[in-house]
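In what follows, a structure is listed as structure tokens, so that the remarks can point back to it.
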Amino acid sequence: MDRFISPVLWQFLTKWMHASALFPPEASTISPYMDALYFFLLLMTIVGTSLVAILLFGFCIRYRREKSPVATQVEGSTLLEATWTIIPLAIFLLVFVWGALLYFRIYDPPTNAMNIYIVGKQWMWKAEHPGGQHEINALHVPTGRPVQLTMISQDVFHSFSIPDFRVKREVIPGRYSTVWFQATEPGTYHLFCTQYCGTLHSSMIGEVTVLSPDDYKKWLEESTSGMSLAQNGERLFASMGCNACHSGNAAARGPNLAGVFGSRLTLTDGSQRLVDDAYLRDAILNPSQHVTAGYAPIMPTYQGQISEDGLIDLVEYIKTLQTNYRIQQTQMTSASDQAAPTTPTEGITPGMVKP
Amino acid sequence: MSAPATHTILSLPDQSTAKMPKRHYLNNEDGLLSWLLTGDHKRIAILYLISITFFFFIGGAFAGLIRLELLTPQPDLVAADTYNKFFTMHGIIMIFLFLVPSVPATLGNFLIPIMLGAKDLAFPKINLLSWYLYLIGGTLTLAALVLGGVDTGWTFTTPLSTHYLNTHVLTAATAIFIAGFSSIFTGLNFIVTIHRMRCPGMTWFRMPLFVWSHYAASLLMVLGTPVLAIALVLVALERIAGIGVFDPAKGGDPLLFQHLFWFYSHPAVYIMILPGMGVISEVISTFSRKRVFGYSAVAFSSVAIALFGFFVWEHHMFIMGVSNYSALVFSLLTMLVAVPSAIKIFNWTFTLQKGSITFETPMLYAFGFMGLFTIGGLTGVFLGSLGMDIHLTETYFIVAHFHFVMVGGMLMAFLAGVHFWWPKMTGRMYPESLSKLAAVTTFIGFNLTFLPQFILGYLGMPRRYHAYPPEFQVLNVLSTAGATVLGVGYMLPLLYLGWSLKYGAIAGNNPWQATGLEWQIQSPPITANFIETPVMDHEAYDYEWLEKKTLNEVTTVG
Amino acid sequence: MDSAIATHPHTHETAVHADHEHASLPQHRHHFETEEQQREAGSFGMWLFLLTEIMFFGGMFFAYLLYRNWYYPAFAVASNQLSVPLGAANTAILITSGFCMAVGVWAAEVRRRKMLVLMLVLTTVFGIAFIGVKADEYHEKYEMHHIPGADFSVAQFVNPAAYGIKEEPLNPDMAQKTEIYFFLYFAMTGMHAVHMIIGIVLLFWLTHRAWRGDFSSGYVAPIENFGLYWHFVDIVWLFLFPLLYLINRHPLH
């Protein structure tokens with residue numbers, strides 16, 4: 001930012017105005033970009049309004065009745081019309097391009113971002129770290145790393161907003177939405193729900209705590225509550241019977257899920273889909289629209305049988321699934337009640353190692 | 001009075017000899033039924049004026065309660081549900097029962113036939129029906145209020161409004177559905193009148209710009225409001241029968257409601273502002289004694305705003321998970337729709353140049369409009385810019401933005417119009433110094449109320465919040481202080497305008513020496529408006545014609 | 001006071017006006033300058049109103065297009081549950097009623113009172129017949145638990161063989177989407193039916209006035225304008241029928 005305006009001015013605008021409680025702190029990598037656009041727009045507004053005000057006052061003084069008893073009828077001026085059409089249009093188009101670039105920057109997460117799940121419900125926020133740490137109305141993140149939030153609502157529209165990071169995204173029932181940020185300053189910052197969601201909308205607030213990487217690691221170790229999301233997911237995978245069809249065998253009724261996350265899948269109707277969080281969640285709830293080519297549409301729907309938290313656990317599990325070894329172990333465990341243990345069947349990659 | 005041909009000298013006539021006409025539309029017929037069953041567009045306008053004033057003060061009371069609660073960071077004045085009902089009712093009443101009908105149904109109804117040289121609107125009975133539909137909608141809204149209130153927010157967001165609330169959503173939705181038809185019929189009436197009932201010689205480009213603005217607004221009313229109607233019907237069906245159209249568990253999409261709702265509600269804001277812009281054209285022209293600079297540009301930009309206004313609705317949904325590419329398209333279109341408004345502001349400013357300016361109350365309100373609408377409109381550009389919108393949306397920045405354009409813009413224009421045409425409608429003048437005081441008070445109060453909200457918005461304070469972090473308190477207190485001043489500023493006109501009905505100076509035909517057919521007939525007008533059908537043989541805002549005409553008239557007025 | 005504004009030159013006009021005075025219809029509204037203006041304004045107003053109706057139905061058509069695109073298999077199977085013969089019969093009935101209405105407008109213009117009344121009655125009869133067929137269809141849907149809401153059942157779509165229906169079974173999650181199809185079916189045809197019922201009520205009133213001779217002496221605007229409305233309702237059905245009934249129909253089975 002100091003390429004375009006002097007560092008002193010920038011300091012004044014951000015730090016000093018913040019000290020007077022007129023401006024939020026800049027606590028993420030995106031904040032300066034947002035603030036730069038804001039200051040430009042403020043400048044545009046001040047210049048525009050001043051221009052109109054000066055013209056207004058100027059004409060009023062110069063042409064008031066006492067000084068100008070006679071009005072001169074003027075039809076118009078095409079030149080002036082063109083001027084005040086083209087110049088505002090040019091400025092607005094500049095603002096459009098700048099804003100669009102910023103929008104894509106905020107809503108396209110970097111590929112190395114760490115993922116945290118957020119579930120919003122009336123009237124609280126649940127944050128679920130992959131390692132199994134759960135937070136209510138709070139979010140701990142480290143500095144220096146991009147963090148992606150994958151969010152969903154259990155009921156109505158909410159909106160997850162961290163003003164000091166300058167990020168906000170609607171949290172919608174029925175599908176995931178994502179936003180990312182990278183925190184720069186350790187400290188605590190406000191977290192608000194900004195979409196009206198009913199009675200306690202104003203109470204759906206929390207605190208984002210930004211820690212240095214070492215402190216964050218310490219916090220992760222202290223707050224782990226047992227199983228990670230993926231481990232929970234593995235439990236669900238077995239208890240809900242997913243392993244029966246998605247066993248990883250060659251003759252299995254369901255496609256192999258190991259390594260499927262991030263791949264490009266061809267469906268029975270010929271279309272190609274990228275397997276991301278949203279796809280996995282949708283496939284569990286609306287399987288008939290997500291049938292992999294070469295398989296029959298026999299998967300039952302789990303709509304109504306599994307909560308958003310459960311879905312997150314399953315999605316996280318499938319994300320981390322590299323081999324089918326543990327699936328088949330689980331199957332063997334349940335099968336062993338009925339029969340003698342058998343040697344692992346074909347379908348397991350030779351030379352594979354226990355995960 | 002002798003002057004070079006290209007210039008005009010106009011002095012306000014001596015009003016001391018003005019006399020109230022014996023017969024006019026107000027005393028033409030007596031009795032309650034003659035008012036309740038009238039077909040006279042002027043009487044219907046007065047009926048509307050009374051009704052919307054009533055609803056304005058109710059909506060204003062809710063605003064006062066909201067600001068009172070926000071004096072302190074804690075939720076200590078009322079319960080959370082009650083507060084939610086406050087801002088919902090404030091929004092519903094102010095938008096649907098005040099702003100949408102304000103200028104069109106009062107000033108538009110009164111003036112459009114006269115400005116066109118017609119005896120009445122095309123469909124007087126439908127005009128009356130519009131008023132009754134408005135009353136029914138208003139009564140149902142009050143019923144929802146009295147029965148316990150509604151707390152969906154004026155935006156009825158699903159699935160909150162369909163599955164998660166037990167309040168009187170259906171009553172409120174029905175009320176707005178019915179009020180919507182009032183709006184549709186008014187717009188329909190205006191369009192047919194403007195197309196078919198212009199007097200001989202009144203070509204499109206000789207019409208006052210007030211009429212052009214109403215034409216553009218009527219197009220929006222007629223084409224946009226039915227979509228709101230269907231959106232409300234779907235919400236009602238979802239609540240009653242649980243059909244699943246907006247329910248993700250059944251395959252529905254809550255975002256569909258957003259699209260249908262905003263498809264109307266964005267044009268709605270142009271329905272609200274365009275008639276106000278029409279008023280400003282008339283006022284600025286009159287009080288600088290000049291035709292509006294760039295008449296065609298202003299006329300075309302009104303229609304352009306209406307047209308573009310239909311294609312920007314998704315800018316209310318930029319962070320709601322819409323595709324990034326659709327967001328690009330709508331942001332671009334939003335930038336385009338901002339340009340015609342800028343054109344108008346500059347045209348009005350340059351109307352002042354080389355004019356002969358006086359500073360009566362309507363002119364003061366018009367100046368207020370220009371400054372505040374410029375700020376409000378430019379802050380709209382902030383929000384149309386995708387990246388900026390991410391931080392600012394759903395915060396007090398939005399609240400400040402729309403209050404600047406709606407209150408600082410539209411409401412000021414409404415007051416300008418009421419003061420400007422008060423002499424024509426009632427035959428009386430209002431007290432000038434008191435009205436100037438009210439205008440200045442309103443301006444000061446308004447800025448004090450809403451400028452801090454821009455800052456609050458950037459700081460991150462969300463809208464529709466009952467309680468807030470303590471560091472936001474100072475700005476909130478400033479805002480509430482301003483609201484108090486603003487309230488005083490709005491009470492004053494109620495008092496002195498009412499007073500003027502009995503005690504105000506008699507106005508005469510043309511106290512402002514304005515052009516325009518409405519100023520060439522008596523104040524108040526006779527029921528048929530004109531004794532004989534006029535023939536329009538001069539351009540709009542033709543002050544030279546007016547000078548020639550006054551030269552030939554007797555110098556006493558009345 | 002108005003003397004300074006130029007007004008209508010009276011000389012020629014008064015003569016014509018005097019003639020007009022004799023021929024002036026009792027329904028001439030005095031805020032209109034001429035009959036012609038009144039008639040044109042009325043017609044224009046009706047066209048504008050129909051435009052608002054297009055926007056009104058448009059919202060539902062948009063929802064239909066969206067969901068049909070997303071859930072095509074469910075929509076196709078659900079659509080097969082509607083009876084094409086009944087729908088086609090209704091289409092024929094409505095087109096016939098439209099034809100009767102058009103003849104009625106002509107009859108009014110050539111001042112044939114009895115013919116006008118007959119046509120209006122026929123239009124009403126066909127309109128009522130349409131509603132009757134619709135009611136029958138709705139009743140059938142009620143019995144098959146296809147009315148969205150608490151009573152809706154997807155059983156027939158998940159296991160059609162058990163109900164003797166010759167369809168491919170749908171997966172339960174896709175079968176659930178048939179509720180959206182039926183909701184749109186009822187909402188769109190229901191809204192259409194409401195408009196038809198309003199039209200039928202108006203027809204009763206118009207028939208009564210036509211019998212009294214109000215429309216056979218030159219004053220045809222209400223008949224013409226109602227004709228516009230009726231034809232519009234007809235056209236909406238002509239869009240609804242293929243969109244709702246004819247998805248995925250094959251010419252030969």
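Numbered from 1 within each chain, the chains take letters A, B, ... in sequence-line order.
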- Interface residue of largest heavy-atom contact number with chain B, from C:Glu179, C:Met191, C:Met60, under 4.5 Å: C:Glu179
- What part of B:Ala229 is in contact with chain C, defined as an atom under 4.5 angstrom from a non-hydrogen atom: side chain, backbone, both or neither? both
- In terms of heavy-atom contacts, C:His31 and B:Met197 come closest through O-CE, 3.5 Å
- At a heavy-atom separation under 4.5 Å, does C:Ala63 approach chain B through its side chain, its backbone, both, or neither? both
- B:Leu223, part contacting chain C, at a heavy-atom distance under 4.5 Å: both
- Item | Proximity breakdown for C:Phe44 and chain B, heavy-atom pairs closer than 4.5 Å | both
- Item | Between CG on residue C:Asp173 and NZ on residue B:Lys250, distance to nearest 0.5 Å | 15.0 Å
- What closest approach, in Å, do B:Ile243 and C:Pro148 show between heavy atoms, and which atom pair accounts for it? CG2-CB, 3.7 Å
- Message: To the nearest 0.5 Å, what is the distance between NE2 on B:His259 and CG on C:Leu66?
- Response: 8.5 Å
- Can you measure from CZ (C:Phe32) to CZ (B:Arg196) and round to the nearest 0.5 angstrom? 10.5 Å
- C:Tyr67 (side chain) donor-acceptor with B:Val245 (main chain) under 3.5 angstrom: yes
- Query: So what's closer than 4.5 Å to chain C heavy atoms on B:Leu256: side chain, backbone, both or neither?
  - Reply: side chain
- Message: Among B:Ala122, B:Cys199, B:Ala241, which residue has the highest count of heavy-atom pairs closer than 4.5 Å to chain C?
- Response: B:Ala122
- Query: Is any side-chain heavy atom of C:Met55 less than 4.5 Å from a side-chain heavy atom of B:Phe263?
  - Reply: yes
- Message: Given heavy-atom pairs under 4.5 angstrom as the criterion, report whether the side chain, backbone, both or neither of B:Leu121 touches chain C.
- Response: backbone
- Message: Report which part of B:Ile184 has an atom under 4.5 Å of a heavy atom belonging to chain C: side chain, backbone, both, or neither.
- Response: side chain
- Note on the structure: One should read off an interatomic distance between C:Phe57 CZ and B:Ile230 CD1, to the nearest 0.5 angstrom, of 7.5 Å
- Please flag which part of B:Leu237 lies under 4.5 Å from any non-hydrogen atom of chain C: side chain, backbone, both or neither. side chain
- Message: If we define contacts as heavy-atom pairs under 4.5 Å, which of B:Ala118, B:Ala528, B:Pro124, B:Gly242 has the most with chain C?
- Response: B:Pro124
- chain B shares the most heavy-atom pairs under 4.5 Å, among C:Lys177, C:Glu53, C:Glu40, with C:Glu40
- Task: With the side chain counted from C-beta on, respond yes when B:Phe181 and C:Thr52 share a heavy-atom pair under 4.5 Å apart, and no when they do not.
- Result: no
- Task: Mind running side-chain contact (heavy atoms from CB on, under 4.5 Å) on C:Phe49 and B:Val192 for me, showing each step along the way?
- Result: CA-CA 11 Å; C:Phe49 175 69; B:Val192 178; over 6 Å; no
- Item | Spatial distance of atom CH2 (C:Trp47) from atom CG (B:Leu188) [nearest 0.5 Å] | 14.0 Å
- Note on the structure: Heaviest contributor of heavy-atom pairs below 4.5 Å to chain C, chosen from B:Asp247, B:Val227, B:Val233, B:Asp253, is B:Asp253
